[in-house]
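Per chain, numbering begins at 1; letters A, B, ... match sequence-line order.
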Amino acid sequence: MPTPDHLRAVDIDFSMDSCDVARRLIGVTLLVNGIGGRIVETEAYDQQDPASHTYTGPSVRNAAMFGPPAHVYVYRSYGLHWCMNLVCREAGHGAGVLLRALEPTHGLEAMCERRGLQDPRLLCAGPGRLAQALGVDHSWNHRPVQPPTFALLWNGQAADVLAGSRIGISKAVETPWRFGERGSRYLSRGFGRGA
DNA sequence: TGTTAGATCGCCT
DNA sequence: GGCGATCTAACAT
């Protein structure tokens with residue numbers, strides 16, 4: 001399946017703050033081995049942030065988050081799901097962006113098979129679902145986000161980005177570091193007003 | 001259409 | 001020993 005002409009490789013500066021990267025990624029197409037879609041929902045985490053895995057400093061689990069930017073941090077959630085983050089800032093900062101939802105555009109058949117579903121709205125709506133659909137698990141931890149495995153593409157149009165409270169956390173609940181595309185049908189949850 | 005409980009395990013306290 | 005950056009199925013309404 002060839003890449004549509006209007007999509008071009010985009011250079012995301014992962015040394016920026018995780019909030020900036022999280023916002024910038026909305027509307028960008030992420031492909032893993034040619035499979036994926038448009039990123040419609042992200043969350044930012046930082047070491048200064050009580051809700052972050054890195055808040056209490058480096059550990060075996062979160063080591064990737066303290067490594068160089070533009071790498072993958074994968075962790076197991078609730079004992080059974082895998083969730084994928086992209087590391088931000090310089091090494092040592094413990095900052096990253098959690099990928100929460102995609103609008104599936106490439107490799108629908110493969111994602112349906114991995115997820116055991118047909119409904120495109122349920123393929124990548126949520127971090128655990130997204131990782132499963134892309135075939136990402138713990139063996140992907142520490143991998144660099146670069147071609148040919150990873151592709152970040154953009155159609156040149158700025159997305160209409162909403163910000164809101166993050167999901168599934170008990171600390172720093174009020175910090176509006178969740179970002180999503182306004183009106184997208186592929187969000188894991190709505191943004192209250194506007195979406 | 002909304003709410004609730006169960007599954008399941010690596011890491012931190 | 002307890003607790004999640006979650007998902008799903010099974011209820012109730």
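Nucleic acid contact for Arg166(A): none, since no nucleic acid atom lies under 4.0 Å from a heavy atom of the residue. As judged by a 4.0 angstrom heavy-atom cut-off over every strand, Arg178(A) is placed among residues making no nucleic acid contact. Residue Leu80(A) is classed as a base contact, given a heavy-atom separation below 4.0 Å to a base. Using a 4.0 Å heavy-atom criterion, one finds that Asn62(A) contacts no nucleic acid atom at all.
In this entry the distance linking OH of Tyr73(A) with C1' of dG10(B) reads 11 Å, nearest Å. For Asp119(A) and dT8(C), the CG to P distance is 11 Å, given to the nearest whole Å. When rounded to the nearest whole Å, the span between CZ of Arg115(A) and P of dC7(C) equals 8 Å. If you measure from atom NE2 of His81(A) to atom P of dA5(C), you get 13 Å, rounded to the nearest angstrom. Between the P atom of dA5(C) and the CD atom of Glu41(A) lies a distance of 16 Å, rounded to the nearest Å. Between the CG atom of Asp137(A) and the P atom of dG10(B) there is a distance of 14 Å, rounded to whole Å. Atom CD1 in Ile169(A) sits about 18 Å away from atom P in dC3(C), given to the nearest Å. As rounded to whole Å, 14 Å separates atom P of dC12(B) from atom OH of Tyr75(A).
If you check the side chains of Gln132(A) and Arg115(A), you find a donor sitting under 3.5 Å from an acceptor.
Taking hydrophobic clusters as Ile, Leu, Val, Met, Phe, Trp and Tyr residues chained together by side-chain heavy-atom distances below 4.5 Å, Val87(A) does not share a cluster with Phe150(A).
No donor-acceptor contact under 3.5 Å links the side chain of Tyr78(A) to the base of dA7(B).
In this structure, the nucleotide among dC11(B), dG4(C), dC7(C) sitting nearest to the side chain of Val60(A) is dC11(B). The listed nucleotides are dC11(B), dA5(C), dC9(B); the one nearest the side chain of Arg76(A) is dC9(B). Closest to the side chain of Ile167(A), out of dC7(C), dT6(C), dA5(C), is dT6(C). Proximity note for Arg61(A) (side chain, C-beta onward) versus dT13(B), dA5(C), dC11(B): the nearest is dC11(B).
Nucleotide dG2(B) has dC11(C) as its partner under the Watson-Crick or G-U criteria, with both atom distances under 3.5 Å.
When atom types are taken as modelled, the side chain of Asn62(A) and the backbone of His53(A) share a donor-acceptor pair closer than 3.5 angstrom.
Rounded to the nearest Å, the gap between the P atom of dC3(C) and that of dA5(B) is 16 Å.
OP1 or OP2 of dA5(C) lies within a sub-4.0 Å distance of a side-chain N or O belonging to His53(A). Note on Ser59(A): a side-chain N or O is less than 4.0 Å away from OP1 or OP2 of dC12(B). OP1 or OP2 of dT8(C) sits under 4.0 Å from a side-chain N or O of Arg129(A).
More than 12 heavy atoms of other shown residues, nucleotides or ligands fall within 6.0 angstrom of atom CZ in Arg76(A).
With contacts defined as side-chain heavy-atom distances shorter than 4.5 Å, the pair Thr42(A)/Ile39(A) qualifies.
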Candidate pair Asp20(A) and Asp13(A), rule side-chain contact (heavy atoms from CB on, under 4.5 Å), full reasoning: CA-CA 9 Å; Asp20(A) 294 331; Asp13(A) 181 4; over 6 Å; no
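Residue ring and base: Tyr45(A) counts as stacked with dA5(C) (centre distance below 5.5 Å, interplanar angle below 30°).
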